[in-house]
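Letters A, B, ... mirror the listed sequences (proteins, then strands); counts begin at 1. Worth knowing before you read on, the calculation uses all heavy atoms, side chains too, and leaves out hydrogens, waters and symmetry mates.
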Number of protein chains: 2
Amino acid sequence: MKIDDLDKKILYLLSKDSRLSMRELAKRVHLSSPSVTERVRRLESEGVLKGYTIEIDYKKLGFDVECFIEVTVRNGQYIKFNNFINEYPFVEFCYRIAGKTCYIVKLRLKKIADIEHFINSVNSFASTETYVVISKNETKSDYLELEELI
Amino acid sequence: MKIDDLDKKILYLLSKDSRLSMRELAKRVHLSSPSVTERVRRLESEGVLKGYTIEIDYKKLGFDVECFIEVTVRNGQYIKFNNFINEYPFVEFCYRIAGKTCYIVKLRLKKIADIEHFINSVNSFASTETYVVISKNETKSDYLELEELI
DNA sequence: GTTGAAAGACACCATCC
DNA sequence: GGATGGTGTCTTTCAAC
């Protein structure tokens, strides 16, 4: 699929406010609304635009703790781990990685003590290395390479 | 701020489709639309609902590589690293962590070779440990503790 | 918290360049 | 590929309860 600068700008604007109407979006990219609507529908059907969602402040919901846990599975018990991580709540993400460990997991929890439950749960088939989040850095995240377009 | 089950359900529904109209949202939570609108405005102004955004498939934009990089800053050159990570493109996130290393960074890149540029750039003031993502696991991410509500 | 009404915004379609 | 104009629907908002 060919994605031009206009598509990228549409993605950028929707990433900043996904509730923008096609009309308003059209204004901002200096296009007519049928054209913009068609581009958005195409981005959706091609799967580039996977979905419309919100950003939630989990701290305000009582989840004050974030941590990364590196998991090293023992004795090839990957299926066991996959089943476990699929069901465990409060997992923001889990990636299979190439490197010193097998998986990197991020959890959002209400309190530090909740880390223990996770670690104890995997302990019979995997070892862990925990990193508690202190703060988050500001980053640019310029995936759309839009710097010069806006 | 008091957040009840209805608020959580609203957050859940908006996280699945942030373009839902207040009318449609009202239907789904069995409330009138003025009530839902008021709740959404409250969630916004309290900062629980931080913003409306989209999910983008970066692979379809040519970013085929994801990796985690643990960064250990040498000789207390934290300001240098903070300035660097603030400007470097393609950083999905960067967290200051308590544990064996100083920071954990996630990058999204077009090709494996692009990792080298990042590593070389920080090498004068920090050491790195790289993990290339192989796959992503499915997870529940049940932060809203909604299992019984839906 | 609800209902109902009114004004406005919206998406959609046909048509055209 | 893109623009314009008309139509009917949807939506928000407000007042009254």
Side-chain angles (χ1 to χ4, degrees), chain A residues 1-57 60-62 143-150, chain B residues 1-63 110 143-150:
Chain A
M1 181 194 182
K2 190 88 194 81
I3 291 163
D4 63 16
D5 288 349
L6 231 44
D7 292 321
K8 287 182 187 172
K9 195 161 177 185
I10 288 169
L11 288 172
Y12 173 80
L13 291 168
L14 285 175
S15 78
K16 294 292 176 191
D17 181 5
S18 62
R19 287 183 70 89
L20 243 33
S21 68
M22 293 302 112
R23 250 170 163 234
E24 183 59 30
L25 202 49
K27 268 187 215 161
R28 306 218 186 156
V29 298
H30 307 295
L31 226 61
S32 69
S33 55
S35 299
V36 166
T37 305
E38 196 197 323
R39 278 171 181 266
V40 171
R41 297 292 166 258
R42 204 183 77 247
L43 290 166
E44 286 171 354
S45 62
E46 296 279 348
V48 182
L49 203 176
K50 284 193 289 184
Y52 299 87
T53 187
I54 55 172
E55 283 164 45
I56 295 173
D57 187 336
K60 300 215 165 146
L61 290 175
Y143 300 114
L144 300 170
E145 299 161 293
L146 273 173
E147 273 192 90
E148 69 291 347
L149 296 175
I150 295 172
Chain B
M1 182 195 182
K2 191 88 195 80
I3 291 163
D4 63 17
D5 288 349
L6 232 43
D7 292 321
K8 288 182 187 174
K9 195 162 178 184
I10 288 169
L11 289 172
Y12 174 80
L13 290 168
L14 285 175
S15 78
K16 294 292 176 190
D17 182 5
S18 62
R19 288 182 70 89
L20 244 31
S21 68
M22 293 303 112
R23 230 172 173 246
E24 183 59 29
L25 201 50
K27 268 186 213 163
R28 307 218 186 157
V29 297
H30 307 296
L31 226 62
S32 69
S33 55
S35 298
V36 167
T37 305
E38 196 198 322
R39 278 172 181 265
V40 171
R41 298 290 166 259
R42 204 184 78 245
L43 289 166
E44 287 170 354
S45 63
E46 295 279 348
V48 182
L49 203 176
K50 284 194 287 185
Y52 299 86
T53 187
I54 55 172
E55 284 164 44
I56 295 173
D57 187 336
Y58 289 100
K59 283 198 172 56
K60 300 213 166 148
L61 291 174
F63 292 88
K110 297 207 170 185
Y143 301 115
L144 299 169
E145 298 161 294
L146 273 174
E147 275 193 88
E148 71 292 345
L149 295 177
I150 296 171

**Non-hydrogen atoms of Thr53(A) and Ser15(B) that approach each other most closely** =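 Heavy atoms only, the tightest pair is OG1-O, 2.8 Å.
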
Using the rule given for salt bridge (charged side-chain N to carboxylate O under 4.0 Å, His left out), can you reason through Arg42(B) versus Glu38(B), listing the C-alpha separation, both sets of side-chain angles and the distance that settles it, and then say yes or no?
CA-CA 6 Å; Arg42(B) 204 184 78 245; Glu38(B) 196 198 322; 5.8 Å; no

For Glu44(B), is the CD atom crowded, meaning more than 12 foreign heavy atoms sit under 6.0 Å from it?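 More than 12 heavy atoms, drawn from other residues, nucleotides or ligands, come within 6.0 Å of this atom.
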
Once base and sugar-phosphate atoms are separated, protein heavy atoms under 4.0 Å mark nucleotides 2-15 of chain D, 5' to 3', with B, S and - as SBB------BSSB-

Query raised in the report: Between Arg19(B) and Ser21(A), is there a donor-acceptor pair closer than 3.5 Å when you use the side chain of the first and the backbone of the second?
Result: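 A pair under 3.5 Å: no.
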
- Message: Please check: side-chain N/O of Lys9(B) versus main-chain N/O of Val29(B), any donor-acceptor pairing under 3.5 Å?
- Response: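 Side chain of Lys9(B) to backbone of Val29(B): no pair is present.
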
Side chains of Leu49(A) and Arg39(A), heavy atoms from C-beta outward: is any pair under 4.5 Å?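 A side-chain contact is absent here, since even the closest heavy-atom pair is not under 4.5 Å.
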
*Glu145(A) side chain near Lys8(A) side chain, heavy-atom distance below 4.5 Å*: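 Contact flag for Glu145(A)/Lys8(A) side chains = yes.
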
**Q.** Helical bend (five base pairs per end, nearest 10°) for the helix from dG1(C)-dC17(D) to dC17(C)-dG1(D)
**A.**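 End-to-end axis angle: 30°.
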
